[in-house]
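Report on one structure; see the data block that follows.
Atoms considered below: every heavy atom in the structure, side chains included; atoms not considered: hydrogens, waters and symmetry mates. Not measured: the values here are computed from a predicted model.
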Amino acid sequence: MFSKRLLEKAQRSLGDRLPRAAVDRCRKRGFTSSRDQHVRIAILLAESSAQEFSRSCKKMKKHEELTPDGFLKLLHQFALDLLQRSTLDEIFWLIADRVIAGMGFEDCVIYLLDADNKILIQKAAYGPKNPEGRTIKDAITIPVGEGIVGSVAHFAAPERIPDTRLDPRYIVDDDFRLSELAVPIMLNGRCIGVIDTEHREVDFYTERHEEWLTTIASIAATKISDANRAEELAETIKQLEATREKLDKQAKQLKLATKNAEAANQAKSDFLATISHELRTPMNGVLGMSELLLETDLDPTQFEYTQAVNASGRSLLEIINQVLDFSRIEAKAVKLDAQSFRLDDLVNETMAMFQIQGKIHGIEMEARIADNLPRTMRGDAHKIRQILVNLLGNSLKFTNEGNIKLLAQGKTIDNTGGFELHIEIRDTGIGLPEGNNEELFAAFTQADMSSTRPYGGTGLGLAISRELVRLMNGRIWCQNNQPTGCSFFFTLQLQQGTDDLPSTGAGHTATEKRSNQRIQAPLHVLLAEDSPVNQTLMKALLTKWGHSVALARTGFEAIQLWQTEGENLDLILMDVLMPACDGLQAVRQIRQLESANGQRIPIIALTAQAMECDREACLDAGMDAYVSKPISQSELQELISQLT
């Protein structure tokens with residue numbers, strides 16, 4: 001009678017929504033044999049329609065039919081199917097579709113643990129929580145430690161909740177369910193995920209359900225871990241591939257930028273070569289002609305004016321040389337030419353350049369070289385001289401009285417002949433400004449940058465000196481001295497020279513040197529030069545030295561004159577840039593023709609191209625020597641004497 005009252009109560013609560021036929025079917029199914037079954041049927045009748053009740057009955061029947069033997073068969077098939085799965089998606093849906101459904105559970109959600117962020121992320125579902133089939137929309141996420149699922153992940157232990165209404169940790173998502181079972185997916189003692197299932201009935205899940213679901217989780221754990229690593233590896237490979245593509249793109253962009261930079265550098269080099277030639281060619285005429293004019297009979301006023309022209313020309317030439325030197329250094333186009341030299345000769349020759357100017361201003365110039373320095377050294381003497389010239393010239397410019405001293409010392413740094421040369425340029429001038437003196441070595445920088453500064457200059461001398469010192473593995477710095485003046489120091493890493501070089505007699509005056517030169521016999525010289533001013537200058541110089549001149553205005557004319565007057569010619573002075581046929585082409589042709597008769601005439605390049613590569617190009621073409629414009633009369637005379 002109790003069951004009858006329950007059915008009638010359930011029918012009254014549902015009213016017309018529950019047909020009499022549904023109640024009759026329940027009776028025919030035999031669900032009224034016990035009080036528990038009566039209660040269950042009454043609850044189902046109260047909560048669902050007749051159709052939902054029918055489905056619930058079918059699920060309950062399926063559950064009751066899953067025996068231990070049936071589970072073993074299910075487990076065996078699951079293990080076989082698992083071997084065929086390789087991705088996380090395939091594994092999770094295998095658990096959801098096959099195992100959970102096969103065990104008769106209503107629903108299931110499978111979570112994977114994101115250990116870095118300590119959060120569980122839904123990966124698959126079965127039942128009402130996944131109405132779209134295998135498409136996860138708005139995946140459920142649960143922080144570790146929150147809710148029943150989060151607690152299972154935190155404590156790595158299964159939990160079976162008989163009545164979720166009594167557990168405050170229960171989280172309602174799509175619908176309220178009365179019982180829940182969650183088991184961790186364990187691998188090597190740590191939780192990597194959770195399988196969670198819920199049911200609308202109170203105390204639905206049994207101890208056997210917990211054991212079965214734990215077994216399923218254990219079997220799947222290794223496969224899930226392997227698949228997870230494989231997916232992480234695939235993602236890493238994908239990221240690496242994306243990175244590689246990005247790097248390839250950047251490499252192409254860098255290659256293009258490098259190509260553009262090289263083109264810009266080449267354009268800059270071409271510009272410098274052109275501007276060097278275009279500036280040096282007229283400078284050769286200005287300085288050369290003014291020097292010739294100074295050797296003529298001039299009244300005092302004319303002599304003063306001509307001296308001013310010559311001095312201005314040399315100042316302009318110094319600026320041109322500094323700009324070109326700095327541009328070469330900036331373009332990394334400067335190379336060291338290491339040769340043996342005597343430091344005493346180098347120092348004395350450099351000091352001699354400033355002796356006269358020092359005497360005019362009442363400045364005493366003195367050089368001291370330590371006795372422990374080797375007699376000969378191996379290094380780039382030309383660049384060391386350039387550093388000394390910059391620093392001595394700087395000191396002379398800022399010293400009005402007193403003295404300037406050059407002090408050279410050194411110390412051995414290894415057992416292979418290497419030593420460190422230490423040079424100080426000390427003056428009694430105005431000293432250095434307060435503050436960061438490193439800024440003095442920056443390009444185009446001076447201590448006083450105002451428009452009213454009393455001292456001129458480009459501000460490149462110290463910048464060039466610093467880069468040349470660095471090129472020779474040294475360093476340069478400066479400091480103030482007490483009571484007045486300052487010192488500039490620099491060190492260089494050099495090798496001890498192997499040759500016992502004789503002294504060049506450095507420090508003698510120009511007059512003394514000229515008197516020691518042997519008398520040059522008259523020569524017949526072929527001059528190849530296209531500039532009318534330089535033609536006039538060179539003819540005047542050569543005539544003054546007692547030589548006769550045959551003039552060619554192009555490379556073709558030079559070849560023709562050599563062929564017609566070759567036996568009478570003693571020397572060729574060859575300009576490089578000429579119309580129709582340049583000097584390099586002309587020299588190659590002459591050398592090729594000479595090979596047939598076994599003769600060789602000395603050829604000296606006279607060119608306004610002053611780059612290092614220009615010198616090498618001239619020598620490679622077959623010239624014997626190279627003189628850059630504006631020419632030094634003494635240097636040219638010395639070369640002519642050596643080659644003839």
Side-chain angles (χ1 to χ4, degrees), residues 230-281 319-338 380 382-383 386-387 390 436 438-446 449 458-476 493 555 576-585 588 605 607-621 626 628-629:
E231 290 193 3
E232 289 177 350
L233 179 60
E235 180 63 25
T236 301
I237 293 174
K238 183 179 178 181
Q239 293 176 356
L240 290 174
E241 183 65 24
T243 302
R244 185 189 65 80
E245 292 178 358
K246 183 178 179 180
L247 290 175
D248 287 345
K249 184 178 179 180
Q250 291 177 343
K252 290 179 181 178
Q253 293 174 343
L254 181 60
K255 186 176 181 180
L256 179 61
T258 302
K259 184 178 180 181
N260 292 336
E262 290 175 349
N265 282 334
Q266 185 59 45
K268 180 179 178 181
S269 298
D270 293 343
F271 170 76
L272 288 173
T274 301
I275 203 68
S276 172
H277 180 271
E278 296 306 315
L279 289 174
R280 286 174 177 275
T281 297
I319 294 173
I320 294 171
N321 288 337
Q322 285 188 341
V323 172
L324 294 176
D325 286 342
F326 186 75
S327 299
R328 283 195 290 263
I329 291 171
E330 195 177 42
K332 310 297 183 186
V334 176
K335 298 179 182 179
L336 295 177
D337 182 17
D380 194 323
H382 174 72
K383 292 180 176 58
Q386 189 173 356
I387 298 170
N390 285 338
N436 183 14
E438 280 296 314
E439 295 179 357
L440 295 175
F441 296 96
F444 306 105
T445 299
Q446 291 182 315
M449 294 296 292
T458 61
L460 285 175
L462 292 179
I464 292 172
S465 297
R466 180 183 62 177
E467 296 305 320
L468 292 178
V469 166
R470 287 179 176 175
L471 195 63
M472 289 180 272
N473 301 315
R475 66 188 190 95
I476 186 170
Q493 305 295 320
V576 173
L577 292 183
M578 292 183 291
C581 175
D582 64 36
L584 299 179
Q585 294 172 320
R588 292 192 189 97
T607 176
Q609 294 178 301
M611 301 297 217
E612 182 66 24
C613 58
D614 298 322
R615 178 179 180 277
E616 294 174 356
C618 290
L619 298 179
D620 290 343
Y626 167 95
S628 64
K629 298 175 183 177

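- Between Tyr626 and Thr607, the closest heavy-atom pair is CE1-CG2, 3.3 Å.
- At least one side-chain heavy atom of Val576 sits less than 4.5 Å from a side-chain heavy atom of Leu584.
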Identify each donor-acceptor pair in which a side-chain atom of residues 248-256 lies under 3.5 Å from a protein atom, sequence neighbours left out, and give them as a table.
residue	atom	partner	partner atom	Å
Asp248	OD2	Arg244	NH1	2.6

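- Side chain of Lys383 to main chain of Lys335: a donor-acceptor pair is present (N/O by atom type, distance under 3.5 Å, no hydrogens or angles).
- Note that the CD atom of Glu467 and the CD1 atom of Ile387 stand 11.0 Å from one another [nearest 0.5 Å].
- Of all the heavy atoms in Arg475 and Val469, the pair that sits closest is N-CG1, 3.2 Å.
- Looking at His382 and Asp337, their side chains never come closer than 4.5 Å, going by heavy atoms from C-beta outward.
- Ile476 contributes atom CD1, which lies 6.5 Å from atom CG of Leu462 (distance to the nearest 0.5 angstrom).
- Of all the heavy atoms in Asn390 and Gly461, the pair that sits closest is ND2-O, 3.3 Å.
- For Glu235, the side chain to side chain contact (heavy atoms under 4.5 Å, CB included) partners two or more places apart in sequence, or in a different chain, are Lys238, Gln239.
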